[in-house]
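On a predicted model such as this, the values are computed, not experimentally measured, just so you know. The analysis underlying the following values was restricted to heavy atoms, covering all of them including side chains, and did not include hydrogens, waters or symmetry mates. Numbering of residues begins at 1 and proceeds along the displayed sequence.
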Amino acid sequence: MQHLVDTDDFSKEQIENIMHDAAAFKKEMPSKLLEDKLLITLFFESSTRTRSSFEVAAKRLGASVVHLDPSKSSTNKGESLEDTFENLAAMEPDGVIIRHEFNNTPKKLANKNLTPILNAGAGNYAHPTQALLDYFTMLEHFDFQELKGKTIAIVGDIISSRVAASGIRLYTRMGMNVVLVAPKPFMPDNDLPKYENLSEVIDKVDIIMSLRAQLERHKAPIFEDYDEYAKEYCITKDLFKEREILLLHPGPVMRNIDISDEMLTDKRCKVLTQVKNGVFVRMAILKALLLDN
Ligand code: CP
C-alpha cells in the first residue's frame, strides 16, 4: 500500500510517470480508469482548490467520492481523529484524502496502513499535490525540457507555507536552484540562499513563486500594515518589466499584496493554469496510487 505524505514517497521514476500521465490526460481525457474506486475526503481546514480539484480528478476517472464535513461529524461529540479515521477505513474506501492543521497527521494515519492516505495539506509541513502540479506547470512552460539548473525564487510567507516546504524538497531534489525572498519574520532557517529584496534576485531567476501571508497561522499579527509589506513583496509590472519570468502562486491570491491586478492578467502569470493543471496532475497521482501499485 503506497501513501502520499510528501513527494519523497514517490521515486523519481514515479514522478516522471506522473508528469507524463498528466500531460497525456491534458491532451485527451482517459477512459474511466478508476470506475470501481471510492475515495473519502476529510478536510479539517478550508479549501477551494484542492478539495474540488481532487473531486473533479477522481470523477473524471470514474471514481466515486464521499465527503465527510468534520464540522458536522462526531468530532463534535469528542471522537478523536484516529477513531474517526479508523471508522472511515472500516468502510473500505480505496483512499482517504486528508487536510489537517497538524504537520504529522497524514504520517500518523498512513502508519496505520488501513487505506492509502493522500495528504491534501498538513500544517506548514507538506502539500505534495500542490508541489507536483506546480512542477508540472513549470515543465509545461519550458516545453518539457529538464528543469535542472533553472532558478526559482520563493517569495513571501515562506515559514508558514506547506507549499513552500514541499516545493523546496521537490525542486532541489529535481536539480533546480531555489532562492528565498522574504522579510526576516517570514524566513525559515535552512541552507538556501536568502534575500530581503526582490530587486536583488529579479535578474537571476527563471520562475517566481509568490506566496500568501498566512495570517491564520500567525500566533500574533506580524505586520500591522500589509500595504507597507506589499511595497517590497508584491509582484508588479513595474518590477517584472519585459523580463521572461514565469509567475506562479498556489492561491488564494491576496490581490495587490501578493500580486498586482495588472500582473494577474499578464500572460507570464499562470495562476489559473496551475489550477487547471492540478486536475490532470491529481488524476495522474490517483492512478499512480490506486492503479499502478
Ligand atoms: N492551493 C491550495 O491549497 O488552495 P486551497 O487552500 O483553496 O485548497
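- Cation-pi geometry between Arg282 and Phe54 is met: under 6.0 angstrom from the ring centre, within 45 degrees of the axis.
- Looking at Asn190 and Lys194, their side chains do bring a donor and an acceptor atom within 3.5 Å of each other.
- Taking the six-membered ring where tryptophan is involved, the planes of Tyr135 and Tyr171 are essentially parallel, since the angle between them stays under 30° and well short of 60°.
- Between Asp203 and Arg243 there is a salt bridge, with a side-chain nitrogen of the basic residue lying less than 4.0 Å from a carboxylate oxygen of the acidic one.
- Annotation: Phe186 is in aromatic contact with Tyr229 [ring centroid separation under 6.0 Å].
- A salt bridge links Arg255 to Asp261: at least one charged side-chain nitrogen sits closer than 4.0 Å to a carboxylate oxygen.
- Shortest non-hydrogen contact noted between Pro128 and Ser166 is N-OG, 3.6 Å.
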Subject >> Verdict with supporting geometry, Lys270 and Glu140, salt bridge (charged side-chain N to carboxylate O under 4.0 Å, His left out) >> reply: CA-CA 11 Å; Lys270 301 293 180 191; Glu140 181 179 59; over 6 Å; no
Original post:
Which is it for Arg169 and Asp8 under the salt bridge (charged side-chain N to carboxylate O under 4.0 Å, His left out) test, yes or no, and what are the steps along the way?
Top reply: CA-CA 8 Å; Arg169 288 189 286 270; Asp8 53 12; 5.1 Å; no
Please set out all donor-acceptor pairs under 3.5 angstrom arising from side-chain atoms of residues 81-91, sequence neighbours excluded.
from, atom 1, to, atom 2, distance (Å)
Glu82, OE2, Lys108, NZ, 3.1
Asp83, OD2, Ser80, OG, 3.4
Thr84, OG1, Glu79, OE1, 3.1
Thr84, OG1, Ser80, O, 3.0
Glu86, OE2, Lys112, NZ, 2.9
Asn87, ND2, Asp83, O, 2.7

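- In His67, the NE2 atom is crowded: over 12 heavy atoms of neighbouring residues, nucleotides or ligands sit closer than 6.0 Å.
- The closest donor-acceptor contact from the side chain of Asn124 to the backbone of Arg162 lies at 3.5 Å or more, if one exists at all.
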